Amino acid sequence: MARVVKVFVTLRNHWKKSTVAACALSYGGHWLYGKHCDNLLRRDACLAAREFGRQQISPQEQLKKATVILNPAACRGKANNLFEKNAAPILHLAGMEVTLVKTDYEGQAKKLMELMEQTDMLIVAGGDGTLQEVITGLLRRADHESFSKTPIGFIPLGSHNSLSESLHILSDNQVKHITSATLSILQGETVPLDVLQIKGEKEQPVFALIGLRWGAFRDVASTIKKYWYLGPLKIKAAHWFSTLREWPQVHEASVSYIAPTLRPPDLPEQKPQRPNLMYRIARRLKNYWYPPIPESPKVEEPERWDERTLSTLELSIQTQNKNPLSKVYINHWTRCITVFDNYNLQTNDMYSCINWFILVCVRYSFCSMTSPYCPVPFPLPQEGAGFYNIDNEEYEAMSVEVRLLPRKLRFFCSAERREQLLTQVL
């Protein structure tokens with residue numbers, strides 16, 4: 001008992017050191033517990049992947065080939081370590097023949113995709129920038145019609161992983177997020193996604209999965225990291241200083257578009273079986289004795305273009321790839337609002353600021369997969385209009401033509417996420 005009293009007396013006499021030691025021990029214990037939980041998640045994921053690897057295959061069947069495009073510079077240089085710890089063991093335990101290709105500089109993924117040989121699946125390990133480079137290089141290939149049928153997996157390792165929300169169940173734990181995304185590739189569930197083709201007058205087209213964004217909010221978002229020293233106030237500070245530098249924050253754009261057209265029908269994944277011999281003979285004899293009447297040629301109507309001049313804060317063109325039964329929207333904000341309104345729009349808190357401004361959002365719905373419509377091209381801002389983002393990557397603003405490629409690529413997604421999407425549609 002005397003020793004216990006002596007310990008408490010010592011702690012009371014040295015309360016500053018005791019407080020620092022208690023804080024250090026608490027932080028260290030929490031850190032170790034987090035590492036232990038991460039190891040348990042990796043272990044469970046590896047056990048699940050081992051079940052895939054134990055599945056028997058016929059002697060004539062070959063192992064699945066997976067080509068991984070890894071950007072080591074993603075997530076501030078941590079992507080390589082994250083991939084080796086969380087994703088690579090799962091792919092190897094599943095019995096795949098993995099070919100790992102690491103990029104050395106920005107734009108290299110586009111060149112690699114143009115030279116890549118056919119593979120069973122393509123896996124992109126990185127962020128939005130890496131994914132955009134890969135699909136751009138893929139769709140620039142001469143044989144992109146056949147190569148685009150290759151299923152694509154996305155392992156979110158970047159600072160921005162916008163498409164991950166569409167494909168996987170989100171998690172605050174990075175290890176769980178990465179392992180779940182890798183396991184969804186092994187499960188083989190895929191979902192078709194639309195692609196935006198953005199083409200300038202001189203350069204080759206760029207392809208995007210999320211969309212194009214141009215305006216005041218985009219400009220402010222690119223400067224938020226400059227005010228890192230303000231902590232939680234950095235977003236408000238960025239909007240405040242941006243308003244002081246330039247007011248009103250109005251962007252002028254001329255938009256030309258034509259009416260929606262019929263969307264191409266869904267093609268079956270497998271070719272129908274060939275009819276038997278007797279049926280084919282009977283059909284040929286019928287066509288010989290009773291030839292079909294040729295249809296009269298259809299007269300194509302001239303395209304009717306509509307033009308609008310917009311004076312707006314923000315203009316965005318985006319697919320709703322968060323739901324595979326999606327639409328393409330052109331959105332623009334048409335009222336000058338206060339700094340506080342900018343902040344609420346930035347955080348998508350639409351209801352708390354409804355008394356501060358009137359929001360007018362004009363949407364031209366072009367491609368609904370629940371209705372037979374398909375989008376058509378239209379030009380956007382002209383030269384000297386600053387910059388815009390294409391899938392969170394910065395490009396110089398110029399006049400471009402945007403076209404939607406419906407259901408162009410197939411991506412691996414988790415079974416849970418697919419069920420949620422189908423439930424939303426029903």
Side-chain angles (χ1 to χ4, degrees), residues 124 127-136 138-140 144 148 151-154 156 158 160-168 170 190-200 205-215 217-218 221 253 255 257-266 314-333 348 361-381 388-395 400-413 417-418 420-422 424-425:
V124 182
D128 289 344
T130 309
L131 183 61
Q132 188 210 25
E133 288 186 10
V134 169
I135 65 170
T136 297
L138 187 153
L139 295 176
R140 284 180 181 177
H144 66 89
S148 60
I152 303 174
F154 179 52
H160 298 281
N161 307 295
S162 303
L163 192 65
S164 182
E165 181 181 353
S166 312
L167 305 176
H168 316 115
L170 294 181
T190 60
V191 62
L193 296 183
D194 298 340
V195 178
L196 284 181
Q197 176 183 304
I198 304 171
K199 185 177 181 181
V206 176
F207 298 88
L209 290 166
I210 304 300
L212 181 148
R213 185 184 179 194
W214 174 71
F217 298 148
R218 188 226 72 89
V255 179
Y257 58 95
I258 62 178
T261 57
L262 288 177
R263 187 181 181 91
D266 293 329
E314 181 88 0
L315 177 67
S316 62
I317 306 163
Q318 53 187 313
T319 64
Q320 298 296 324
N321 271 336
K322 295 179 181 179
N323 189 332
L325 302 183
S326 59
K327 299 179 180 179
V328 166
Y329 289 120
I330 311 174
N331 300 340
H332 71 92
W333 312 103
N348 295 323
C361 179
V362 180
R363 293 187 173 186
Y364 304 96
S365 177
F366 277 103
C367 189
S368 172
M369 298 183 72
T370 57
S371 59
Y373 295 133
C374 188
V376 286
F378 49 89
L380 268 174
Y388 49 53
N389 280 4
I390 302 177
D391 282 3
N392 292 323
E393 292 296 308
E394 191 174 87
Y395 288 83
V400 294
E401 182 184 80
V402 182
R403 182 185 296 271
L404 182 74
L405 308 178
R407 301 183 298 272
K408 186 64 176 179
L409 300 175
R410 298 193 67 86
F411 277 78
F412 290 105
C413 68
R417 182 60 176 153
R418 183 179 178 84
Q420 289 184 0
L421 295 174
L422 293 177
Q424 293 176 4
V425 173

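Excluded from the calculations below are hydrogen atoms, water molecules and symmetry mates; all remaining heavy atoms, backbone and side chain alike, are included. In this text the structure is predicted, and so the values were computed from the model without any measurement.
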Asks: Salt bridge between R213 and E314, side-chain N to carboxylate O under 4.0 Å?
Replies: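 Judged by the 4.0 Å cut-off on N to carboxylate O distance, R213 and E314 do form a salt bridge.
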Asks: If I take atom CG from residue L212 and atom OG1 from residue T319, how far apart are they, to the nearest 0.5 angstrom?
Replies: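 So the CG of L212 and the OG1 of T319 are separated by 11.5 Å.
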Asks: I want to check something: taking the side chain as every heavy atom from C-beta on, are V191 and R410 in contact at a cut-off of under 4.5 Å?
Replies: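 A side-chain contact under 4.5 Å is absent here.
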Asks: Quick one: are V400 and Q197 in side-chain contact, heavy atoms under 4.5 Å?
Replies: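 No - every pair of side-chain heavy atoms lies 4.5 Å or more apart.
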Asks: Flag the pair L167 / F154 as yes when at least one side-chain heavy-atom distance between them is below 4.5 Å, and no otherwise.
Replies: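 Yes, side chains in contact.
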Asks: Under the 3.5 angstrom rule, does the side chain of D194 hit a backbone N or O of R407 as a donor-acceptor pair?
Replies: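 Yes; at least one donor-acceptor contact below 3.5 Å.
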Asks: Shortest non-hydrogen contact from T190 to P151?
Replies: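 Looks like CG2-CB, 4.3 Å.
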Asks: Using every non-hydrogen atom in the two residues, find where E393 and G129 come nearest and quote the distance to one decimal.
Replies: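 Of all heavy-atom pairs spanning E393 and G129, the closest is OE2-CA, 3.4 Å.
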Asks: Show the nearest heavy-atom pair for residues I135 and F207, with the distance to one decimal.
Replies: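 It is CD1-O, 3.6 Å.
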Asks: When you compare the side chain of K408 with that of L139, does any pair of heavy atoms fall below 4.5 Å?
Replies: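 Yes. Closest side-chain heavy atoms under 4.5 Å.
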Asks: Looking at H160, I want to see if its NE2 is surrounded by more than 12 non-hydrogen atoms of other residues, nucleotides or ligands under 6.0 Å.
Replies: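 No - once you tally the heavy atoms of other residues, nucleotides and ligands closer than 6.0 Å, there are 12 at most.
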Asks: Any non-hydrogen side-chain atom of S148 less than 4.5 Å from a side-chain atom of L138?
Replies: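 Heavy-atom side-chain distance check passes, below 4.5 Å.
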Asks: Could you tell me the separation between the CG atom of L209 and the CG atom of L196, rounded to the nearest 0.5 Å?
Replies: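 It is 8.5 Å, given to the nearest 0.5 Å.
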Asks: With side chains defined as the heavy atoms from C-beta onward, is the minimum distance between F411 and L131 less than 4.5 Å?
Replies: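 Yes - at least one pair of side-chain heavy atoms lies under 4.5 Å apart.
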Asks: Tell me the closest heavy-atom pair linking R218 and Y388, and the distance in Å.
Replies: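 Between these two residues, the closest heavy atoms are CD-CA, 3.6 Å.
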Asks: With T136, which residues qualify under side chain to side chain donor-acceptor pair (under 3.5 Å), at least two apart?
Replies: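 With sequence neighbours excluded, T136 shows a side chain to side chain donor-acceptor pair (under 3.5 Å) to no residue whatsoever.
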Asks: With sequence neighbours excluded, what pairs up with I210 under the side-chain contact (heavy atoms from CB on, under 4.5 Å) test?
Replies: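 By the side-chain contact (heavy atoms from CB on, under 4.5 Å) rule, I210 matches S162, L163, D391.
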